[in-house]
Amino acid sequence: MQYSPTSIESRWKLYWAKNEVYKTDNHSDKPKYYVLDMFPYPSGAGLHVGHPLGYIASDIYARYKRLKGFNVLHPMGYDAFGLPAEQYAIQTGVHPAVSIAENIGRYRAQLDNIGFSYDWTRSVNTSDPKYYKWTQWIFLQLYDHYYNLSANKALPINELVKDFETFGNTNVSAVHTQDILFSADEWKSYSDIEQQRILMNYRLAYRKVSYVNWCEALGTVLANDEVKDGLSERGGHPVEKRPMMQWSLRITAYAERLLNDLDRLDWSDALKAMQRNWIGKSVGAQVFFDVVNHPLKIEIFTTRPDTIFGATFMVLAPEHDLVDLITTSDMIESVKNYRDYVASRSERDRMAEVKEVTGVFTGAYTKHPFTEEHIPIWIGEYVLKDYGTGAIMAVPSDDDRDFAFAEKFRLPVIDVVDKTQNPGSSRQDKVGKMINSSFLNGMDVKEAIQYMFNLIEKEGIGTRRTNYKLRDANFSRQRYWGEPFPVLYDQNQLITILDESHLPVTLPEVKDFHPTSEGKSPLASAKFWVNEISGYERETDTMPGFAGSSWYFLRYMDPDNETAFASEEALHYWKDVDLYVGGTEHAVGHLMYSRFWHKFLFDLGKLPTDEPFKKLINQGMIQGVIANLYLQKEKLEGRHQFVCAQLVSDDTLDEYIKIAVHIDFVSDYGTPKSYLDIVAIENFIRWRPEFSNAIFKSSTGAFDASSSLGQPNSTFRIYLQSEVGKMSKRYFNVVNPDDVVARYGADCFRMYEMFLGPIEQSKPWDTKGIEGVQKFLKKFWSLFVEDDVFCVSDEKPTREELKILHQTIKKITDDIERFSFNTAVSAFMVCVNELKKLNCRKKEILEPLVRLLAPFAPFITEELWSQFNKGYSVHQSEFPICHQEYLMADTIEYPLSVNGKKRDLITLEAGLSNADIEKIVLENDQVLKWLSGQQPKKIIIVPGRMINIVV
RNA sequence: GCCGAAGUGGUGGAAUUGGUAGACACGCUGGACUCAAAAUCCAGUGCUAGCGAUAGUGUGCGGGUUCGAGUCCCGCCUUCGGUACCA
């Protein structure tokens, strides 16, 4: 009876499926616990060894909680809408639904192979009409609600309309886009179109013209977080700004709650900081400046109203609405040129450029509200249209950017803060005493800021105001493979919303998945579908990827419900996610949108909690090692030339390009000395025939595959350059978990991934240590088996053996609770090594160990458990409990130091008082020798830890 | 620039509250078994000196607090992640 993972694993997989071991009920006397993984996008490439890292950790925890007596919800599903399937459809004509279904099949097989305890009856697929019916439904709710600031929650839009009909909007306190004041009578006099336009300013899902990230190559609009450095995250194509009528979600209404409620979450500080930065709250004042010779006011936002006496010029965003109105005739030409120049520059140009100061004078002036002095108004691209009011008062003495602008255009600088008492402080630090500032002089900066806030409001020249960097979320995509909007337009572009009874609005079949030339979605070409309801046209955009993923964790609670997104009963039973495991890449996207939707549904009274994810663990990424050959840019007599990495120095680096080599060819892969030998080179050439006449040059000679010319000896090697990077098809470094499982077994794979290091840490995949884990499993197995038969004894364990067992139980329990799975695996190894040394095969020791190991290695433990208890699974047993009495030692070894210098170990009885210990130590001959007559000043004793004698 | 995380043997990493630094594993060295190999087992393994017991030294760098610092404080350096004209 040898340990053979393959046969064990296939047998128990079947058993679990047949007996529905992991099926979870919505009713139970047990306390609930919800363990969630971030569901994957089922890509064509399948899973690689990096994906399961977090899944393994959460599965261990879910299994642990189950053994601890919790009713555990641990589901898995697929985030199935998205660009890659659509791109694939464009290239091959295969319908996304077909390719996605195929990919899901492959994912499912790969996941099952690793022994996860998912309740697959609860699986969701965001592209399933039964699922996206409810995504559309939530959109309808967002459309039908506005954010009331007095109630501090979302309320039905009908209530707002009632307010408008009775009072107009003068006293309405709601989050909205534009300030147009109207009375009740005025409201009633407006046309339908006009009323709808106004309500759009309040709805939580609304339409507006927005500058969107247009990607010509992909033919679509991208979300901000899909753009990296001015290029599309997918494919790296250039992205430009373009105006378009788009749906948006008013996430900014929730900014304050999203910020404040972070404090209550058990998330890492790093992640909370990321969300805080993204929300970017700043408190300041909105101040009005009169324009000279105009009845106009310029509205600025500043966090430093104290520096108002240092404001020597104003800067407006080039796109600011007032620019046309105030520019003087002599400046029209240069202002127009500058605005054209700004418009012509793509996001990418702006970012690529080192901060060069640009701007022009408008010819206009404002009047300083206190000194009445005239201040020139400039425009400059460093002032952003979208942030604050799109206009600033420039205080060059206390802001680096304003200072740079003043320096370039020779504008005056007035020092208003005396920083001489604060050496080392920077221009914008809020420290020092006010000077040159009339009534503020002598005040401390912080004091002056408060003083000005009050004064500005009292004088009526402005108000206190809070600004957020957080932008409303663009919710339209010009794509096929997404949720259609349940929205119709009539000839006047008046919106009609399809109500719940019309849901789901399903995707129509199309012949061509390309976006249309005007940048419209492929849905626009499905004429029948678009015009299906006479007199109306359907919305042809679809929802973005984050729509379906913003609420999927709620659907798992009640996945087949056809009358609600989940029943009230299920929602109140499971409440929220207790543990969420996933990567940091979703820190500000998915995790922010989910919190927003969750809070919104909470406001509607649908949910019992206002935060979705109580505890969050961020697993690191498993990276790949990319092995590269250096290819010389210059061909040699028309032939490619590869060069050994040892011959390439930093100075000559730009003479080469790197060609990624498939990892199957590489010897010593993953080490700095990875290389190709002659056999590998021949394999490489067969794989990449375009290099069949290449020459491979090393320090010992050259290898010419196309002829026997200069044939080197058999030790010939070309060393490769290796770097850590993504595990990806394009680097030919993908490791499939199936291969690892086939070779070592799923238990070994699971434990090895955990053993690799802390779960939060990113690290490159290498299999160097996997054999250690395999050895452990074999050793563990061998404890139960003697002479090829299962054999454990009923003999009573010794105190020493019990001590080993219970120390291990304590250690493992603590480690699981703090998600330190790598140290837990080590603790198992220590335990088995010790039992092996004692040749302990006693049932009383081994049986609890099986239950202890079950969350980590579900298959081997199942097999061994069945030898003790037939008929039910180890995963339905209990996690063993640590009995303290076995941990108590009879004697303790104390390290003994003199003046902090380690000297020796001294063995003492356990349970001695400090006074007793002191007495024994001072009578010890050895100690007296070290002290050589000196009197000890004091003796420090840390019970159970150490003794230090100070002389 | 700002925010965040981290720097420990040849390698991955441990040290949970300030208390024997390097657990566990890989690798390496030597040995047992074997005709041989694989597998398995045993011993050693931070660095320096020494046959050795042992001594010195050692957690990115420089200081400090403490009987005692990988851990706490001050000042730097490096790497990684996020963000970027946010007024």
Side-chain angles (χ1 to χ4, degrees), chain A residues 229 268-278 280-282 284-285 300-304 307 315 350-351 353 355-357 380-384 386-395 398-402 404-405 426 428 467-471 584-585 587-588 618 620-621 670-672 724 752 755-758 760-764 766-773 775-776 778-779 782 811 814-815 817-818 820 822-831 833 836 893-905 936-951:
Chain A
D229 302 327
S268 72
D269 291 340
L271 207 103
K272 287 190 194 178
M274 266 190 237
Q275 290 220 339
R276 281 194 196 101
N277 286 342
W278 192 258
K281 179 178 179 171
S282 57
I300 61 104
F301 175 72
T302 179
T303 55
R304 296 293 304 276
T307 62
V315 187
R350 280 194 170 200
M351 288 177 175
E353 231 160 80
K355 283 178 193 162
E356 202 203 317
V357 181
E381 65 175 329
Y382 82 96
V383 176
L384 307 173
D386 288 340
Y387 185 77
T389 59
I392 61 158
M393 65 173 196
V395 184
D398 288 85
D399 184 286
D400 285 332
R401 294 154 306 173
D402 295 344
F405 198 87
S426 77
Q428 29 237 326
N467 256 312
Y468 302 93
K469 279 195 260 182
L470 185 72
R471 291 283 105 84
T584 2
E585 64 271 24
V588 288
N618 282 113
M621 285 225 280
T671 70
V724 172
Y752 179 61
F755 185 63
L756 228 39
E760 306 87 348
Q761 219 165 80
S762 291
K763 54 237 154 188
D766 77 277
T767 43
K768 262 187 270 155
I770 196 164
E771 265 145 60
V773 177
K775 264 187 225 166
F776 158 76
K778 282 183 182 168
K779 265 190 228 170
S782 75
K811 170 87 175 128
D814 290 351
D815 284 349
E817 289 289 358
R818 65 190 178 103
S820 178
N822 56 332
T823 54
V825 174
S826 297
F828 277 118
M829 291 176 173
V830 172
C831 174
N833 285 344
K836 196 84 193 169
E893 272 195 336
Y894 281 93
L896 192 61
S897 319
V898 177
N899 283 345
K901 196 144 187 91
K902 274 131 219 161
R903 290 292 187 179
D904 201 1
L905 294 176
K937 275 195 208 119
K938 62 175 169 178
I939 299 186
I940 296 143
I941 299 162
V942 184
R945 294 279 209 170
M946 54 69 64
I947 301 166
N948 188 19
I949 304 168
V950 185
V951 196

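Because only heavy atoms are used, hydrogens play no part in the values below, and waters and symmetry mates are left out as well, while side chains stay in. Everything quoted here is computed from the prediction, not taken from an experiment. Naming convention: chains lettered A, B, ... in sequence-line order (proteins, then strands); numbering from 1 in each chain.
Between A/Ala824 and A/Asp815, the shortest heavy-atom contact is N-OD2, 3.3 Å. Pairing each heavy atom of A/Gln428 with each of A/Arg304, the nearest pair is O-NH1, 3.5 Å. Of all the heavy atoms in A/Asn948 and A/Ser897, the pair that sits closest is OD1-O, 3.1 Å. In plain terms, the two heavy atoms of A/Phe405 and A/Val357 that are nearest each other are CD1-CG1, 3.5 Å. The minimum heavy-atom distance between A/Val315 and A/Gly380, with the atom names listed, is CG1-N, 3.5 Å.
Rounded to an integer number of Å, the gap from A/Met274 CE to B/G82 C1' is 5 Å. Atom OH of A/Tyr468 is separated from atom P of B/U83 by 21 Å (rounded to the nearest Å). Between A/Met946 atom CE and B/A69 atom C1' there is a gap of 13 Å when expressed in whole angstrom units. Spacing between atom CG of A/Asp269 and atom C1' of B/G81 amounts to 15 Å, rounded to whole angstrom units. Atom pair A/Gln275:CD and B/G4:C1' shows a separation of 14 Å (rounding to whole Å applied). For A/Asp400 and B/G1, the CG to C1' distance is 9 Å, given to the nearest whole Å. Between A/Tyr387 atom OH and B/A87 atom C1' there is a gap of 7 Å when expressed in whole angstrom units. Straight-line distance from the CH2 atom of A/Trp278 to the P atom of B/G81: 17 Å, rounded to whole Å.
If you check every strand for non-hydrogen atoms under 4.0 Å, A/Val383 touches a base. Across all strands shown, A/Val942 has heavy atoms under 4.0 Å from base atoms, whether or not it also approaches the sugar-phosphate.
Nucleotides B/U65 and B/C74 place their C1' atoms 11 Å apart, quoted to the nearest Å. Distance noted for atom P between B/C24 and B/A43: 12 Å (whole Å). The separation of B/G7 from B/U16, taken at their P atoms, amounts to 13 Å, rounded to a whole angstrom. As rounded to the nearest Å, B/U59 and B/U54 have C1' atoms that lie 24 Å from one another. Nucleotides B/G1 and B/C73, compared at atom P, are 23 Å apart to the nearest Å. Distance check on atom C1': B/C77 versus B/A23 gives 30 Å, rounded to whole Å. For B/C61 and B/A69, the P atoms lie 15 Å apart once the distance is rounded to whole Å. The gap from the P atom of B/A38 to that of B/C33 amounts to 16 Å, rounded to the nearest Å.
Judged by closest nucleotide on RNA chain B, A/Ile947 is the one of A/Ile947 and A/Lys469 placed further toward the 5' end. Between A/Ile949 and A/Gly772, the one whose closest nucleotide on RNA chain B sits nearer the 5' end is A/Gly772.
Distances from the side chain of A/Met829 to the nucleotides B/C24, B/C67, B/U20 place B/C24 closest. Of the candidate nucleotides B/A87, B/C3, B/A25, B/C3 has the atom nearest to the side chain of A/Ala273.
Side-chain N or O atoms of A/Lys763 include one that pairs as donor or acceptor with a backbone N or O of A/Pro758 at under 3.5 Å.
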Would you mind building the protein contact string for nucleotides 11-17 of chain B? One character per nucleotide, 5' to 3', B for base within reach (heavy atoms under 4.0 Å), S for sugar-phosphate only, - for untouched.
SBSSSB-
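Ion pairing between a basic and an acidic side chain is recognised when a charged N comes within 4.0 Å of a carboxylate O; A/Arg818 and A/Asp814 show no such pairing.
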Before you tell me yes or no, could you show the steps for A/Asn618 and A/Thr584 under side-chain hydrogen bond (donor to acceptor under 3.5 Å, both in side chains), namely the whole-Å CA-CA distance, both residues' side-chain angles and the distance that decides it to 0.1 Å?
CA-CA 6 Å; A/Asn618 282 113; A/Thr584 2; 4.7 Å; no
Show your working on side-chain hydrogen bond (donor to acceptor under 3.5 Å, both in side chains) between A/Lys779 and A/Asn833 and close with a plain yes or no.
CA-CA 8 Å; A/Lys779 265 190 228 170; A/Asn833 285 344; 2.8 Å; yes
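Phosphate proximity of B/A87 to A/Ser282: present, with a side-chain N or O under 4.0 Å from OP1 or OP2. Between A/Asn833 and the phosphate of B/A25, there is a side-chain N or O to OP1/OP2 separation shorter than 4.0 Å.
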Check: protein-nucleotides 37-46 of chain B nitrogen or oxygen pairs below 3.5 Å:
none

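Residues forming a salt bridge (Lys or Arg N to Asp or Glu O under 4.0 Å) with A/Asp399 (at least two apart in sequence, or on another chain): A/Arg401. Residues that satisfy the ring-ring contact (aromatic ring centres under 6.0 Å, His included) test with A/Tyr752, not counting sequence neighbours, are A/Trp765. Looking at residues two or more places apart in sequence or on another chain, you find no salt bridge (Lys or Arg N to Asp or Glu O under 4.0 Å) involving A/Arg945.
For B/G9, the base adopts the syn conformation, since its glycosidic angle falls within 90 degrees of zero.
Distance check, rounded to the nearest 0.5 Å: OG1 of A/Thr823 to NZ of A/Lys811 gives 4.5 Å.
Below 30°, between 30° and 60°, or above 60°: for A/Phe828 and A/Phe776 the angle between ring planes is between 30° and 60°, a tilted geometry.
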Kindly express the pairing pattern of RNA chain B in dot-bracket notation, using | wherever a base pairs with another strand and counting only Watson-Crick or G-U pairs under 3.5 Å.
(((((((..(((......[....)))((((((.......))))))((((....))))..(((((..]....))))))))))))....
